[in-house]
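Just follow the structure's listing: the first ligand is 1, and inside any ligand the first atom is 1. Residue indices begin at 1 and follow the sequence shown.
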Amino acid sequence: MIKVSKLTKNYDETVAVDNISFEVKHGEILGFLGPNGAGKTTTMKVLTCFMPPTSGDVTIAGMNVMEDSLSIRQQIGYLPEQNPLYQDMDVVDYLRFVAELRGIPKEQHDSRLRRMMDVCGLEKVISRSIGELSKGYRQRVGLAQAMIHDPQILILDEPTSGLDPNQIVEIRNLIKEIGKEKTVILSTHILSEVQATCDRAIIIDQGKIVADGTLQDLQAAFHGMERITIEIKAPQNGCAEKLRTIENVKQVNEGTPDGEIKCFTIEIEKGQDLREQIFDLTVKEGWKLLELHREVTTLEDVFRQLTKG
Ligand code: ADP
């Protein structure tokens with residue numbers, strides 16, 4: 001449905017998006033994940049025909065962004081990062097105004113408005129001035145304006161930024177609900193946003209795609225290592241060598257000892273749990289085990305590894 005092929009976008013000397021390709025299927029909720037400045041907004045602006053690409057091809061439902069921008073805009077709803085709303089307007093007047101701009105026939109305005117009130121939960125605030133609304137409600141109004149013409153595709157730039165934790169949960173639930181019927185691309189620099197909302201994630205860093213897959217795929221692909229750290233009290237030297245003899249231990253690093261108290265980081269083959277073997281060794285050797293902690297690579301680690309610059 002959306003096909004991005006070798007897309008590059010430069011701003012003078014800055015390469016904001018660097019030769020990226022990906023596809024999005026109908027009905028998918030795709031998270032576009034990356035640190036600030038990664039190129040997410042720029043990509044979204046090209047997809048929504050706000051800006052032409054420097055090179056490459058973007059087709060949406062078979063239409064090209066360079067040639068069919070008007071038809072594409074009818075298929076797309078866009079919530080920009082700085083949700084630009086007219087503060088002095090009432091919600092209802094604003095949504096009527098957007099319906100007008102979108103070319104929706106007058107006789108359909110009421111039914112589309114009712115639908116948006118329903119889907120976005122705007123009933124309570126429909127006659128209020130936008131300037132008086134909480135940020136969460138303003139974001140709902142932003143979603144309503146993006147969907148009023150019933151587009152097949154929704155592109156949401158940082159849809160929960162600046163919201164409080166309760167509002168974040170509400171907007172995420174709303175996006176998930178909307179995603180049952182529509183294709184959604186949302187950008188975020190927060191991993192938990194993707195975990196809470198998306199089927200698939202594309203991780204972008206410095207204009208390039210560094211990973212693309214379902215969350216399970218990403219975790220599996222980068223689930224490279226498990227690690228156990230221990231602190232022991234032992235008078236003798238040579239503990240690291242003994243730890244290395246345990247099967248499936250890949251590497252043992254020793255921290256700076258504090259007298260008899262020694263600290264080790266033990267890297268272990270993927271999928272193994274050696275806590276019992278390590279415990280048994282400390283007992284056998286007569287070391288006093290003061291602390292044992294197991295770390296498993298999380299998606300957060302994956303994201304940090306991929307985007308550490
Ligand atoms: P993100 O949305 O991931 O934070 P952006 O697409 O906004 O990233 O920015 C990507 C890069 O392009 C950044 O280096 C940013 O400074 C630069 N950039 C974005 N917009 C402009 C602009 N209008 N003019 C010049 N450089 C820009």
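Remark: ligand 1 atoms within the under-4.0 Å shell around heavy atoms of Ala16 are 10 (C), 11 (C), 12 (O). Near Pro35, the atoms of ligand 1 lying under 4.0 angstrom from a non-hydrogen atom of the residue are 3 (O). Within the listing of ligand 1, atoms 4 (O) sit less than 4.0 angstrom from a heavy atom of Asn36.
The neighbour count for Tyr11 OH, taken as heavy atoms of other residues, nucleotides or ligands under 6.0 Å away, is above 12.
Within the 4.0 Å heavy-atom cutoff, Gly39 counts among the residues contacting ligand 1.
Inspection of the Asn83 and Gln139 side chains reveals an N or O donor paired with an N or O acceptor under 3.5 Å. Judged by distance alone, the side chains of Asp157 and Thr41 do bring a donor and an acceptor atom under 3.5 Å apart. Side-chain atoms of Glu158 and His189 form a donor-acceptor pair, as typed in the model, at a separation below 3.5 Å.
Put simply, atom 21 (C) of ligand 1 has protein non-hydrogen atoms near it, under 4.0 Å away. For atom 3 (O) of ligand 1, the nearest protein heavy atom lies under 4.0 Å away.
Scanning Thr41, Val46, Thr14 for the heavy atom closest to atom 7 (O) of ligand 1 points to Thr41.
Checked by atom type and distance alone, the side chain of Lys3 never pairs as donor or acceptor with a backbone atom of Val24 at under 3.5 Å. Looking at Thr183, its side chain does come within 3.5 Å of a backbone N or O of Gly27 through a donor-acceptor pair.
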